[in-house]
Colleague: 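Quick one: this structure, given as structure tokens, is what I'll be asking you about.
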Amino acid sequence: MTDLYSVDLSFPSERLKALVPCYRIAGLLPLLADRCLNSVLDMQFPFSDFERINLGNGDIIEMTPKTVTRSFSSKKKWAMVKEIYDMLDQRIPHAEFIYRASEIDSTLVFKPRGCKFKPLNCDQLVEALKYVTKALVALHDLSFMHRDLSWDKVLRRCDGENEWFVTGFDEAVGAPQIYPHPVASTEARGTHAPEMVRGLHGVKVDVWGVGHLVKTCGLTNLPKMLRELQSRCLDQNPDQRPTAADCYHHLLSASSTATY
């Protein structure tokens, strides 16, 4: 067995010795690449079992194969986020929920575990949007709105379940709201509905978010049905946008007839 770390490449004999394990490793790389590609195509996502992400504001996300743990630097922020999820209390389908909470550690543990993954084709996009709009229908029935939909907040389950789900309810509030949303005003212009910057806004901001998901899906040559849905959802006038239920039934009808 050759220890590549100890090989002295200044000698020809040592360089030849290093070639054998390098050749064997090179033979494994195409197999690994094929495995990763096939995993994506078969919807068996390659992802890291354990990840730790520092959000830069003192908050940390730690991901295990089945759960996601968020650690908060502020007890106030921890209590605020917990209150939102307790209010929703697993009443929203296809959405993450609190599995365990610790006030002592200022942590919240969420299920299910997901991974960031944009749809690979229009069929997957329609499927993802159906899950999202079904979640929004239940959320809006409770007179709540998410207010921060993006592909960072719409994940695919990592446990083999064929489901997309909504995460990141930190900005969720009761609807309507009469004041401008500060995040929309300062940090994320163009990623939130325009009325959120102006002031009064309601559940139609999430419908705008659905249109933004279509717009930012990364796919080209979208069929007419999706282009029309995007246009209607991104209407500058909230009153002219469809409801989440309208979007869901439209997507359901389109996928059942397979005519986009």
Side-chain angles (χ1 to χ4, degrees), residues 80-81 83-85 87-89 91-96 118-119 122 124-155 164-219 222-255 260:
M80 183 191 73
V81 174
E83 182 180 6
I84 293 172
Y85 279 87
M87 202 171 301
L88 300 179
D89 193 28
R91 290 184 285 177
I92 311 301
H94 316 304
E96 67 177 358
K118 286 187 178 182
C122 290
Q124 289 181 16
L125 176 58
V126 169
E127 195 68 15
L129 293 176
K130 283 194 298 182
Y131 281 113
V132 171
T133 52
K134 188 174 181 180
L136 292 179
V137 169
L139 184 67
H140 295 172
D141 282 347
L142 297 174
S143 294
F144 257 73
M145 49 186 170
H146 186 283
R147 300 204 301 177
D148 196 22
L149 280 179
S150 69
W151 287 110
D152 284 339
K153 306 295 173 63
V154 177
L155 306 182
W164 300 76
F165 64 97
V166 181
T167 70
F169 287 84
D170 298 25
E171 305 299 330
V173 292
Q177 292 287 305
I178 62 174
Y179 298 109
H181 183 35
V183 173
S185 301
T186 58
E187 297 179 9
R189 287 186 180 274
T191 62
H192 291 76
E195 65 269 24
M196 292 176 65
V197 179
R198 297 192 294 263
L200 178 66
H201 56 281
V203 297
K204 290 294 185 71
V205 300
D206 290 339
V207 176
W208 190 96
V210 172
H212 188 64
L213 288 175
V214 179
K215 182 178 179 180
T216 59
C217 69
L219 299 175
L222 292 177
K224 182 179 179 181
M225 182 276 290
L226 288 175
R227 296 197 307 271
E228 290 178 346
L229 180 67
Q230 173 185 321
S231 178
R232 292 178 61 203
C233 290
L234 293 179
D235 197 298
Q236 293 292 304
N237 184 350
D239 294 333
Q240 297 301 316
R241 297 172 199 154
T243 65
D246 292 335
C247 295
Y248 173 70
H249 289 296
H250 187 63
L251 291 161
L252 194 65
S253 174
S255 60
Y260 297 164

Colleague: Test side chain to side chain contact (heavy atoms under 4.5 Å, CB included) on Glu83 and Met87 and set out the steps.
Modeller: CA-CA 6 Å; Glu83 182 180 6; Met87 202 171 301; 4.1 Å; yes

Colleague: Check whether more than 12 heavy atoms from other residues, nucleotides or ligands sit under 6.0 Å from atom NZ of Lys153, and answer yes or no.
Modeller: yes

Colleague: Could you measure the distance from the OH atom of Tyr85 to the CE atom of Met80? Nearest 0.5 Å is fine.
Modeller: 10.5 Å

Colleague: So, Trp151 side chain and Leu213 main chain: donor-acceptor pair closer than 3.5 Å or not?
Modeller: yes

Colleague: Determine, step by step, whether Trp164 and Leu155 satisfy the side chain to side chain contact (heavy atoms under 4.5 Å, CB included) criterion, reporting the C-alpha distance in whole Å, the side-chain angles of both residues, the deciding distance to 0.1 Å, and the verdict.
Modeller: CA-CA 6 Å; Trp164 300 76; Leu155 306 182; over 6 Å; no

Colleague: Quick one: do Asp246 and Val207 satisfy side chain to side chain contact (heavy atoms under 4.5 Å, CB included)? Show the steps, please.
Modeller: CA-CA 10 Å; Asp246 292 335; Val207 176; over 6 Å; no

Colleague: Under the criterion side chain to side chain contact (heavy atoms under 4.5 Å, CB included), I'd like the reasoning laid out for Leu149 against His212: C-alpha separation, chi angles, the key distance, then a yes or no.
Modeller: CA-CA 8 Å; Leu149 280 179; His212 188 64; over 6 Å; no

Colleague: Among all residues two or more places apart in sequence or in another chain, which pass the salt bridge (Lys or Arg N to Asp or Glu O under 4.0 Å) test with Glu195?
Modeller: Arg241

Colleague: Return the SG to NZ distance between Cys247 and Lys130, rounded to the nearest 0.5 Å.
Modeller: 14.0 Å

Colleague: For residues Pro194 and Gln236, report the shortest heavy-atom separation together with the two atoms involved.
Modeller: CG-OE1, 3.5 Å

Colleague: Should the pair His201 and His181 be assigned to parallel (<30°), tilted (30 to 60°) or perpendicular (>60°) ring geometry?
Modeller: tilted

Colleague: State, to 0.1 Å, how close Ala244 and Thr133 come at their nearest heavy-atom pair, and which atoms those are.
Modeller: O-CB, 3.9 Å

Colleague: As an exercise, state the distance from NZ of Lys204 to CE of Met145, rounded to the nearest 0.5 Å.
Modeller: 13.0 Å

Colleague: Strictly distance-based, threshold 3.5 Å: is any side-chain N or O of Lys118 a donor or acceptor partner for the main-chain N or O of Thr216?
Modeller: yes

Colleague: Any donor-acceptor pair under 3.5 Å linking the side chain of Asn237 with the backbone of Asp239?
Modeller: yes

Colleague: Let me confirm one number: the CD-SG distance from Gln230 to Cys217, rounded to the nearest 0.5 Å.
Modeller: 8.0 Å

Colleague: Between His146 and Gly168 (side chain of the first, backbone of the second, donor and acceptor by atom type, cut-off under 3.5 Å), is there such a pair?
Modeller: yes

Colleague: Search all heavy atoms of Ile84 against all heavy atoms of Ala172 and return the closest pair with its distance.
Modeller: CD1-O, 3.6 Å

Colleague: Under the ring-ring contact (aromatic ring centres under 6.0 Å, His included) rule, collect the residues that match up with Tyr248, sequence neighbours excluded.
Modeller: none

Colleague: Taking side chain to side chain donor-acceptor pair (under 3.5 Å) as the test, write out the residues that go with Asp141, two or more places apart.
Modeller: none

Colleague: Salt bridge check, Glu228 against Arg232: does any charged N sit closer than 4.0 Å to a carboxylate O?
Modeller: no

Colleague: So, do Val214 and Leu234 sit near enough that their side-chain heavy atoms are less than 4.5 Å apart?
Modeller: no

Colleague: Please give me the minimum heavy-atom distance between Ala135 and Ile92, naming the atom from each residue.
Modeller: O-CG2, 3.4 Å

Colleague: Is there a side-chain contact between Arg91 and Leu139 in this structure, where contact means two heavy atoms from C-beta onward sitting under 4.5 Å apart?
Modeller: no

Colleague: If you measure from CG on Leu226 to CG on Leu219, what distance do you get to the nearest 0.5 Å?
Modeller: 9.0 Å

Colleague: Could you state the interatomic distance from OG1 (Thr167) to CG (Asp148), rounded to the nearest 0.5 Å?
Modeller: 9.0 Å

